[in-house]
Amino acid sequence: MHNRIIIKEKINNFEKKIVIPGDKSISIRWVLIASLASGLSQAKNLLLSEDVLAAIKVIKKLGVKVKFKNQTCKVYGVGVDGYKYKKGIILDAQNSGTLGRLIAGILINSPYSIKIIGDNSLSKRDFKRIAKPLKKFGANLRLKNDYTLPLIITGSKNLKPIKYLENIGSAQVKSCILFAGARTTGKTFIKVPTTKRSRDHTERLFRYLKLPIIVKRQKKFDLIEISKIKKIKPFNYKIPSDLSSCAFFIALTALSKQSKLIIKNVNINPTRTGIFTILEKMGVKISLFNKKIYKGELLADIFIQSPKTLKSINCPSHLNSGAIDEFLVLFLIAAKAKGISFFKNLEELNQKESPRLKWGAKILKKMGVKVILTNSSLKIYGNPNLELDKKIIIKNYLNDHRIFMTCTIASLSFGGTWHIYDPKSIQTSFPNFLKILKSIGAKIN
Ligand code: S3P
């Protein structure tokens, strides 16, 4: 693969049915939970991206056998107390915040010190957010500068359950606490303001596996109770498609003329569908059909067609957690909408693989769109007639997969000549992204 792609032509008038790879959040959770189950679990359509492969490497280092056969991933779970801990072990979460944070919760009772490291991007990200609750449980934990990886965790035999207010709206923090609570005698409680409700795949998997979790949705808070897990039955899973990966194709259709797209068998967990609500407010119609429930998750086929006009939005911040990975493409849609759009309380976006709020503004500025950026908000002055006729170079973006894919969609939607560097960044979450784009007619060199 070259170290950049060049796109010079827009794409319009497509009518296609596509299949998007497996969900990243569910794939990583399946690998981790299957490793702790008592016996063989198998997954089909597991996302084979670097983040998920990193999770597989991590469980292998902890003594779990993994095999691939006929597109099926087989994890030979060792039981909840079966990891083979070795002295001096180093686990590499690579680019994955989900893996780094969830595995730390799982290791809360390891008898030895374990070091968790990550790549250049992950090593800049906030791990204090999980150190705080894990220390409350009684784990011994050290971070570089009290904030980032490497993290050294030495489990404790004297763990005590905690009560914790998860106020960031982070599923990674919530899931880290759930895993730690699942290894601690007694009842751990997590309280999450309903306005900060984050993706709940861990809760749904635990419930499906009949593990001791109780989720109560109250008026202002969700209250989650987790107790020590004694045994996990092995379980097979067919991973549905990832809505966050679909978002790039949804945005492309919303920004193009006279196009229609069907995306099959997508996970439409209600904690992830903020993008639908936001797009509907902006005048984009999305239809869901063939809805079904699969192992506690909601799935559907998605149909979307190009809208005649796009409306600006003052985006309500209670939708932020449910669309957290989709804002980069939503900013592109706002750039083409009639009027001024405003996105607020989005400081979390700067905590991702790159500071995405800043990068969103930077990309739009390069496109000549007027924006006003603060630490937590972005105002976008939309222009329905926006057409580009210049050269735009995108590089040095910490290899953030979603920046690369967003710029690809921008180039195919607004024109101009784009040189987008480091296409290998898509390996993190969506290895066949460019291939699917080409299959609907995109010209990419
Ligand atoms: C994820 C949670 C989100 C999301 C990330 C995946 C998960 O992060 O941005 O891509 O699988 O739990 P936060 O929980 O930090 O918001």
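Order of appearance sets the numbers: ligands from 1, and atoms from 1 within every ligand. Since the structure is predicted, the reported quantities are computational estimates derived from the model, not experimental observations.
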message: Tell me which residues fall inside the under-4.0 Å heavy-atom shell around ligand 1.
response: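 Its neighbours under 4.0 Å (heavy atoms only) are Lys24, Ser25, Arg29, Thr98, Ser170, Ala171, Gln172, Arg199, Ile324, Asp325, Lys352, given by chain and number.
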message: Can a side-chain donor-acceptor contact be found between Glu326 and Ser244 if the only test is distance below 3.5 angstrom?
response: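 Yes, a side-chain donor-acceptor pair sits under 3.5 Å.
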message: Tyr421 vs Phe404, test: ring-ring contact (aromatic ring centres under 6.0 Å, His included). Steps then yes/no.
response: CA-CA 8 Å; Tyr421 280 73; Phe404 177 90; over 10 Å; no
- prompt: Do Arg101 and Phe127 meet the cation-pi criteria used here (NZ or CZ under 6.0 Å from the six-membered ring centre, within 45° of the axis)?
  reply: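 Positive - Arg101 is close enough to the ring of Phe127 and near enough to its axis.
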query: If you look only at pairs with a residue in residues 177-192, which of them pass as a side-chain hydrogen bond (donor to acceptor under 3.5 Å, both in side chains), with sequence neighbours excluded?
result: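 Output for this query lists Asn109-Arg183.
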task: Could you list the residues that satisfy ring-ring contact (aromatic ring centres under 6.0 Å, His included) with Phe206, not counting sequence neighbours?
output: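 Here the qualifying residues are Phe179.
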field: ring-ring contact (aromatic ring centres under 6.0 Å, His included) involving Phe303 - partner list, sequence neighbours excluded
entry: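 Phe303: no ring-ring contact (aromatic ring centres under 6.0 Å, His included) contacts found.
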